2 protein chains.
Amino acid sequence: MKTPNPNPSVCSCVNLRRASRAITRIYDKALEPVDLKITQYSVLANVARSGPLSSSNLARILRLDRTTLVRNLKSLQAAGFIEDHPEAGDPRERAIRITEAGHLMVDKARPLWGLAQRQIEDHLGSAALNQLTTLVTSLETLSDHLVLNHLEESP
Amino acid sequence: MKTPNPNPSVCSCVNLRRASRAITRIYDKALEPVDLKITQYSVLANVARSGPLSSSNLARILRLDRTTLVRNLKSLQAAGFIEDHPEAGDPRERAIRITEAGHLMVDKARPLWGLAQRQIEDHLGSAALNQLTTLVTSLETLSDHLVLNHLEESP
DNA sequence: GTGATATACGTGCATATACACGCATCAGTA
DNA sequence: TACTGATGCGTGTATATGCACGTATATCAC
């Protein structure tokens, strides 16, 4: 008999990371038919919804490190799902926009994402999902507080 | 004015990944003085507690892909915190054990980990932490069900 | 206009994550 | 004994994550 399902850790961080890996497996599996990962679908769907925007702004929306996002965009660009053009106005800014192929892919992937989402809802229940959204906000707030406190070094 | 704190996503997976990144920042920041990441501390503390064991067994305990663990162990081994020796008996198995330096590091890191843990407990409350452990178990069970269903291909 | 500060962007580096392979060995079986 | 399936292990490849650093440009104060 092998170890079937080890208990949660005493460490909240380890538990959250475990939960994150588990749910990622579920969504990645659901998106397998269109050869997308949930991370890629998430970025693509966001660009589709928001319209052209800079990588910095997109990173802020996704709460993702800007440089991480830049690399994640690379695979989507290589696949032809997004474009990256210099923007008129501020020459530093570049505008990311979705392509026609990108739109088609989002339309194909959305129902698969919905499948995973429904599986999660059915299995966890709406109460747990609400608690999850609270958890995200709470942790991001605390993180901002603890990690980004180089703002008030009262001179 | 910049976007301070975007709302949670409609996607539970994206939300959990965001939460995972946020809490990882908090613990990594706490462990900064000893130059360890929470992922490394987690592995090291587990090896310290469990005693010598194979990478496969450790991966099962941590609910981590075995090949992922193998690479994570590399940095700990390079730092001299763990050793990896062939085991008597089955020549395929190798036994991972903590070194003296590893023990010292765990002792130095534990209070820093405890600091982060307490910050999380204070900020989230014990109810949320209990819900989190439920969430982990629930998601891992579902994941095992959905992803590892190559066991019953009723012949 | 000049200088300080903030912002936008990319790259180098290190680590984390997991799937697909291949190799070696063990254990059960014909 | 030879075959077969299960198990333990490592690597190749791809993606994800974030910090440190450097470059270019805008903006504000003077």
Side-chain angles (χ1 to χ4, degrees), chain A residues 2 13-14 17-18 20-29 31-32 35-43 53-60 62-79 84-87 89-96 143 147-148 150-151, chain B residues 1-3 13-14 17-18 20-29 31-32 35-43 53-60 62-79 84-87 89-96 143 147-148 150-151:
Chain A
K2 65 176 193 176
C13 183
V14 166
R17 292 181 65 89
R18 273 173 61 171
S20 170
R21 290 197 298 269
I23 201 171
T24 300
R25 275 195 296 274
I26 294 169
Y27 280 73
D28 279 355
K29 180 80 169 182
L31 289 172
E32 216 177 49
D35 207 40
L36 271 189
K37 312 251 239 151
I38 181 60
T39 46
Q40 301 172 319
Y41 174 72
S42 160
V43 171
L53 79 175
S54 71
S55 59
S56 293
N57 281 333
L58 184 55
R60 274 190 281 267
L62 299 173
R63 294 276 322 187
L64 195 57
D65 187 90
R66 181 185 56 80
T67 67
T68 297
L69 177 60
V70 165
R71 331 252 176 166
N72 294 0
L73 289 171
K74 287 240 160 81
S75 63
L76 292 175
Q77 193 168 8
D84 179 16
H85 290 305
E87 187 65 31
D90 192 330
R92 293 173 304 176
E93 285 201 13
R94 304 181 62 78
I96 297 152
S143 167
V147 181
L148 307 174
H150 42 67
L151 301 171
Chain B
M1 177 174 66
K2 65 176 193 176
T3 314
C13 183
V14 167
R17 292 181 65 90
R18 272 173 61 170
S20 170
R21 290 197 299 269
I23 201 171
T24 299
R25 275 195 297 274
I26 295 169
Y27 279 74
D28 278 356
K29 180 80 171 183
L31 290 171
E32 216 177 49
D35 208 39
L36 273 189
K37 312 250 239 153
I38 181 60
T39 46
Q40 301 173 318
Y41 174 72
S42 160
V43 171
L53 80 175
S54 70
S55 60
S56 294
N57 282 333
L58 184 55
R60 275 190 281 267
L62 299 173
R63 293 278 319 190
L64 195 56
D65 187 90
R66 182 184 55 80
T67 68
T68 297
L69 177 60
V70 165
R71 330 248 177 168
N72 293 0
L73 290 171
K74 287 240 160 84
S75 64
L76 292 174
Q77 192 168 9
D84 178 16
H85 290 306
E87 187 65 31
D90 193 330
R92 292 172 304 176
E93 285 202 13
R94 303 180 63 78
I96 297 152
S143 166
V147 181
L148 307 174
H150 43 65
L151 300 173

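Predicted model only: the values in this text are computed from it and were never measured. Per chain, numbering begins at 1; letters A, B, ... match sequence-line order. In what follows, every heavy atom counts, from backbone to side chain, and hydrogens, waters and symmetry copies are set aside.
Using a 4.0 Å cut-off, some side-chain N or O of A:Ser55 falls inside it from OP1 or OP2 of C:dC9. The phosphate of C:dT17 has neither OP1 nor OP2 within less than 4.0 Å of any side-chain N or O from B:Lys74. For the pair A:Thr24 and C:dT17, the criterion of a side-chain N or O lying under 4.0 Å from OP1 or OP2 is not met.
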- Query: Which letter, B, S or -, goes with each nucleotide of nucleotides 23-28 of chain C from 5' to 3', with contact meaning a protein heavy atom under 4.0 Å?
  - Reply: -BBS--
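For A:Thr39, the side-chain atoms get nearest to D:dT15 when compared with the rest of D:dT15, D:dT11, C:dA16. With C:dT15, C:dC9, D:dG10 as the choices, the nucleotide that has an atom nearest any side-chain atom of A:Glu93 turns out to be C:dC9. Side chain of B:Arg94, nearest nucleotide from C:dA8, D:dC9, D:dT17: D:dC9.
Shown here are the side chain to side chain donor-acceptor pair (under 3.5 Å) partners of A:Ser54, two or more places apart in sequence or in another chain: A:Asn57. Taking the side chain to side chain donor-acceptor pair (under 3.5 Å) definition, one finds that B:Glu93 meets it with nothing, sequence neighbours left out. Take A:Thr68 and apply the side chain to side chain contact (heavy atoms under 4.5 Å, CB included) test, not counting sequence neighbours, and it matches A:Leu64, A:Asp65, A:Asn72.
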Taking only nitrogen or oxygen atoms into account, show me every contact under 3.5 Å that the protein makes with nucleotides 19-21 of chain C, one pair per line with its distance.
from   : atom 1 : to      : atom 2 : distance (Å)
C:dC19 : N4     : B:Thr67 : OG1    : 2.8

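Taking atom CD1 of residue B:Ile38 and atom P of nucleotide D:dT17, one finds them 18 Å apart after rounding to whole Å. The distance from atom CG of A:Asp35 to atom C1' of C:dA18 is 15 Å, rounded to the nearest whole Å.
In the helix from C:dG1-D:dC30 to C:dA30-D:dT1, the end axes, each obtained as the rotation axis mapping the C1' atoms of four pairs onto the next four within a five-pair block, lie 10° apart to the nearest 10 degrees.
The shortest side-chain heavy-atom distance between A:Ile26 and B:Cys13 does not fall under the 4.5 Å cut-off.
Checked against A:Ser143 for a side chain to side chain donor-acceptor pair (under 3.5 Å), the options B:Lys29, B:Arg21, B:Arg25 give a single hit: B:Arg25.
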